[in-house]
Amino acid sequence: MKTAITPTREENFSEWYQNLITAADLAENSPVRGCMTIKPYGWAIWELMRDEMDKRIKANGVLNANFPLLIPIDFFNKEAEHVAGFAKECAVVTHHRLKMIDGKLQPDPDAELTEPYVIRPTSETIIGEAMSRWVQSYRDLPLKLNQWVNVMRWEMRPRLFLRTAEFNWQEGHNVFATHEESNADARKMHKMYAEYMANVLAIPVIMGEKTPEERFAGADHTYTVEQIMQDGKALQAGTSHDLGQHFAKSFGIQYLGTDGKLTHAWTTSWGTSTRMMGGLFMTHSDDDGLVLPPAVAPYQIVVIPITRDENVDALNKFANEIGEQLRSIGIRVLVDDSDARAPDKMWKWIKRGVPLRVEIGSREMEEKTLTVTRRDLGKSSKTTLSIDEFMASAQKMLNTIQHDMLVAVEERNKKMITDIKDLAELESALESGKIGFFRIKYDLTTNDEFDGLIEKYKISRRCLDEKDPTYVFVAKSY
RNA sequence: CGGGGCAUAGCUCAGUCUGGUAGAGCGCUACGUUCGGGACGUAGAGGUCGCAGGUUCGAAUCUUGUUGCCCCGACCA
């Protein structure tokens, strides 16, 4: 059986993943170390993902803003834990001018900044500074901000979408008058992420709080959504932090309460990034390429005219009419009337994961029918139906695909989670090559013996079980 | 930043050991025959062999240095 992507997932998962990205024309490595170029088809997916997320953010009363890319180095000194977390991976801007020296452009030694800037790895500090000025009274609270920006973390080992030096994300930053409110907010955004991933990306997630060892630098509580990839590894797809008063105290975010007293506020921050795209691709795709849920597919339907010399114009015209009809009922459609051979067009759009493929040949044109194939189910789902029937049911078919993809991953995930009673059982499972998440009592994992297993099997604590926080999920991760 | 590997056509790679005019497959272009889940033939286009030095009559090949990439670690959304 020939597959469009080689090697297959089973043969070599990480190589399959890289080839998938090339085959689906999503992104490529750039000339800049650790940074990727997201190509138009990949970016179109991101735009759809972003728009869906943005709607949800705004529905929570959050407004978008935009803070500077560069952060004064001094801001990082203000929150000790935070500095420690990020110092190792910061890019720093030290000059403001280039000069031609010995025929080469170089930073001008005479243009060194007295105070270097850090390219933001995240924006808690610079937003904290602004909030300290914007928040004066309890009437200014809550203040809810979000920004869609790029950030930079100098990664040692980049992987397309999963870990790149520069990445795009949304980072939300909210301020509240009380700890009850900030903690409730962190949890609310956490739930929003889980809902989004299930309903938009068709990815069920494991929700829970990070253990103290894995918490965000400078947070009291970190809530995470963890996805399970097809190879059993975990992907941290979004985090929501209850920052307590750490940043409020460091940056002087205070409000005058009704009691006339000045009180430090409570902040949260919450983010999801282009890493989610990696999760999306790794979760749903197969050995023939990408499989996209309709909600984030740039083209939900591709119409392919099966042409021969004598019928090209008529068929292309007919296919475009079908395309127009579908657009008029709100479906994103591409009519591939390019002059490539029909099988080449089919494989091209199979590899790019278009949820529904519509083939039209002379026969269909005469009979007023269409042949429709679902990407998620493959060739066996090929059916022929009348144009009227299809127009009436196309949106429903897309909804069904969206739903079925979520259910399929839920089913797969059930087999990926194993209950473990003690460390001996955990070790023998790992030793036997068992993949996936292992659920074990948290207090069994706070000792040297467990640290040894972390070292030996490259596992980590992903999060506490939301349903019973005395349990923790352990897995290998990206 | 440690350990290993690689750098030759758009892509995957051979050629390097043993120095002698730059190769294959895929992809691309044209034409013909094909045509509903990866067709075939013919003809073409396409590379200062990562970069800089050294050895040599002559370097993709030997040598020194350098840069970048990949894999495995440490770090991480």
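Worth knowing before you read on, the calculation uses all heavy atoms, side chains too, and leaves out hydrogens, waters and symmetry mates. Being a predicted model, the structure only gives us computed values, none of them experimental. Within every chain, numbering begins at 1; the chains are lettered A, B, ... in the order of the sequence lines, protein sequences first and strands thereafter.
A/T239 comes within contact range of no nucleotide atom at all, as no heavy-atom separation falls under 4.0 Å. At a threshold of 4.0 angstrom between heavy atoms, the contacts of A/T371 include nucleobase atoms, whether or not backbone atoms are also involved. Residue contacts for A/F216: at a heavy-atom cut-off of 4.0 Å it reaches no nucleic acid atom on any strand shown. Contacts of A/T373 with the nucleic acid, taken as non-hydrogen atoms under 4.0 Å apart, include base atoms. No engagement by A/D344 is indicated, since no non-hydrogen atom pair under 4.0 Å with the nucleic acid exists. Across all strands shown, A/K88 has heavy atoms under 4.0 Å from sugar-phosphate atoms exclusively, and none from any base. Across all strands shown, A/I350 has heavy atoms under 4.0 Å from base atoms, whether or not it also approaches the sugar-phosphate. At the heavy-atom level, A/R159 lies nowhere under 4.0 Å from the strands shown. Note on A/S362: a base of the nucleic acid sits closer than 4.0 angstrom, heavy atoms only. Across all strands, A/G271 comes closer than 4.0 Å to no nucleic acid atom at all (heavy-atom distances). Contacts of A/T164 with the nucleic acid, taken as non-hydrogen atoms under 4.0 Å apart, include base atoms.
Here the side chain of A/E89 is nearest to one of B/C76, B/G37, B/C70, namely B/C76. Each of B/A77, B/G36, B/G37 was ranked by its minimum atom distance to the side chain of A/Q236; first place goes to B/A77. With B/G37, B/A77, B/G73 as the choices, the nucleotide that has an atom nearest any side-chain atom of A/M346 turns out to be B/G37. In this structure, of B/C70, B/C76, B/A39, it is B/A39 that holds the atom nearest to the side chain of A/R341.
As the counterpart of B/A59, no nucleotide is assigned, since no Watson-Crick or G-U wobble pattern has both distances under 3.5 Å. Applying the Watson-Crick and G-U wobble criteria (two distances, each under 3.5 Å), B/U29 pairs with B/A43. With a cut-off of 3.5 Å on both pairing distances, the Watson-Crick or G-U wobble partner of B/A7 is B/U67. With a cut-off of 3.5 Å on both pairing distances, the Watson-Crick or G-U wobble partner of B/C1 is B/G73. In this entry B/U12 has B/A24 as its Watson-Crick or G-U wobble partner, both defining distances falling under 3.5 Å.
Between B/C76 and A/R157, no contact under 4.0 Å exists linking OP1 or OP2 to a side-chain N or O. Note on A/N29: a side-chain N or O is less than 4.0 Å away from OP1 or OP2 of B/C70. Residue A/Q18 has no polar side-chain atom (N or O) positioned under 4.0 Å from OP1 or OP2 of B/C69. A/K351 has no side-chain polar atom (N or O) that falls below the 4.0 Å cut-off from OP1 or OP2 of B/G38.
Counting only heavy atoms from C-beta outward, the side chains of A/D231 and A/Y17 never approach each other to under 4.5 Å. Using a 4.5 Å heavy-atom cutoff, the side chains of A/T373 and A/S381 are in contact. Annotation: side chain of A/W148 is in contact with side chain of A/D54 (closest heavy-atom distance under 4.5 Å). Residues A/S460 and A/I454 form no side-chain contact, since every pair of their non-hydrogen atoms from C-beta on lies 4.5 Å or further apart.
Protein atom CZ of A/R275 is 4 Å distant from nucleotide atom C1' of B/A77, rounded to whole Å.
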| task | Go through the steps to decide whether A/L26 and A/F281 satisfy the test side-chain contact (heavy atoms from CB on, under 4.5 Å), and finish with yes or no. | result | CA-CA 10 Å; A/L26 299 166; A/F281 305 149; 3.6 Å; yes
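A stacking contact between A/W169 and B/A77 is absent: the pair does not combine a ring-centre distance of less than 5.5 Å to the base's six-membered ring with planes differing by less than 30°.
A salt bridge links A/K382 with A/E359: at least one charged nitrogen is closer than 4.0 Å to a carboxylate oxygen.
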